[in-house]
Amino acid sequence: MVHNLSVIAWGSLPTWVAAGASCIAAVGTVGTLIAALGQITYERNRRLAQDEQDRAARRQEQARLVAAWVGTPERTADEQGVAGAGRTPIELWNGSSEPVYSLVAVIVFIQGAAPRDAEGILDMWQQRPPDQGGFGPPVTTISILPPGRWRVWIHGSGWSGILAG
């Protein structure tokens, strides 16, 4: 059977116009959906980033109200001739109205080539030869630091030297 292509009924012009309008409307709807999803994703990411910045600012706000300094070391009469014997007070001040939890106090060096942060001090201490006796690193932990002024102790009295603080 042979078909004659010249006999195809193409329909009327209004039918074609309506079909074209429907196609344009469908593309517009899909485009609007994609734009809306993009906007929702952008706003969500912006809100999450802002929330993270707010949390960090709140943590820093309290941290700015906490201070520590090395006090005057104490040595007993029996320890007067023993280098590093005794204990060194660390004065702590929590000026915020909230307690600070899981605080680690470390005496670090403030001059010279020695480590200036807790990680560096602990790394240096772990690399010490095992035959060097004495006591451990200048570290203490405080589970809760309430508001106000408090004192904790670190073993050894040589920590308040000229290059530490």
Side-chain angles (χ1 to χ4, degrees), residues 26-165:
V27 168
T29 301
V30 170
T32 303
L33 176 64
I34 290 172
L37 289 175
Q39 182 68 24
I40 289 169
T41 301
Y42 170 78
E43 288 296 324
R44 179 180 181 273
N45 290 340
R46 188 187 61 75
R47 183 178 44 81
L48 291 174
Q50 184 64 45
D51 289 348
E52 181 59 33
Q53 286 177 350
D54 292 346
R55 277 192 296 276
R58 282 193 302 272
R59 282 192 304 269
Q60 288 177 355
E61 184 178 312
Q62 184 182 23
R64 286 187 198 104
L65 298 173
V66 176
W69 61 96
V70 178
T72 305
E74 289 184 355
R75 297 175 94 176
T76 65
D78 294 338
E79 299 170 327
Q80 291 300 321
V82 180
R87 61 185 187 166
T88 301
I90 303 297
E91 306 291 337
L92 301 169
W93 174 257
N94 179 3
S96 73
S97 61
E98 297 291 324
V100 176
Y101 297 97
S102 302
L103 185 69
V104 177
V106 181
I107 297 177
V108 298
F109 295 90
I110 55 174
Q111 294 179 359
R116 296 180 184 207
D117 60 12
E119 291 84 9
I121 289 289
L122 295 175
D123 287 345
M124 180 182 77
W125 211 266
Q126 288 177 344
Q127 294 171 7
R128 271 182 24 175
D131 61 344
Q132 285 186 350
F135 42 87
V139 176
T140 191
T141 58
I142 302 95
S143 59
I144 299 174
L145 177 64
R149 185 173 175 173
W150 302 91
R151 178 179 293 155
V152 296
W153 301 92
I154 290 181
H155 184 70
S157 61
W159 302 123
S160 60
I162 206 162
L163 297 178

Open item on the list: Before you tell me yes or no, could you show the steps for V66 and L92 under side-chain contact (heavy atoms from CB on, under 4.5 Å), namely the whole-Å CA-CA distance, both residues' side-chain angles and the distance that decides it to 0.1 Å?
Closed with: CA-CA 7 Å; V66 176; L92 301 169; 6.0 Å; no

Side-chain donor-acceptor pairs under 3.5 Å in residues 26-39, sequence neighbours left out?
| from | atom 1 | to | atom 2 | distance (Å) |
| --- | --- | --- | --- | --- |
| T29 | OG1 | A25 | O | 2.8 |
| T32 | OG1 | G28 | O | 2.8 |
| Q39 | NE2 | E43 | OE2 | 3.2 |

Task: Atom of Q62, atom of P99 and distance for their closest heavy-atom approach - done: NE2-O, 3.1 Å

TODO: Find the distance between CZ (R55) and CD (Q53) and round it off to the nearest 0.5 Å.
DONE: 10.5 Å

Task: Approximate separation, where rounding is to 0.5 Å, of N45 CG and Q50 CD - done: 13.0 Å

Open item on the list: For a quick test of reading the model, state the closest non-hydrogen atom pair linking S96 to P147 and the distance between them.
Closed with: O-CB, 3.3 Å

Task: Considering all heavy atoms, the nearest A105-I142 contact - done: CB-CD1, 4.1 Å

Task: Atom pair CD1/CD1 of I107 and I154 - distance to nearest 0.5 Å - done: 4.0 Å

Task: pair V100-I144: side-chain heavy atoms closer than 4.5 Å - done: no

- [ ] Give every residue pair that meets the salt bridge (charged side-chain N to carboxylate O under 4.0 Å, His left out) criterion with at least one member in residues 90-100, sequence neighbours excluded.
- [x] E91-R149, E91-R151

Task: Atom pair CG/CG of L65 and N94 - distance to nearest 0.5 Å - done: 7.5 Å

Task: Evaluation steps, side-chain contact (heavy atoms from CB on, under 4.5 Å), between L103 and T141 - done: CA-CA 6 Å; L103 185 69; T141 58; over 6 Å; no

Task: Heavy-atom pair with the smallest gap, counting every atom of P89 and W153 - done: CB-CZ3, 3.4 Å

Open item on the list: Once side-chain hydrogen bond (donor to acceptor under 3.5 Å, both in side chains) is applied, do any residues pair with D51, and if so which ones, sequence neighbours excluded?
Closed with: none

- [ ] For R44, look at atom CZ and say whether over 12 heavy atoms of other residues, nucleotides or ligands are found less than 6.0 Å away.
- [x] no

Open item on the list: Within a 6.0 Å radius of atom CH2 on W69, are there more than 12 heavy atoms belonging to other residues, nucleotides or ligands?
Closed with: yes

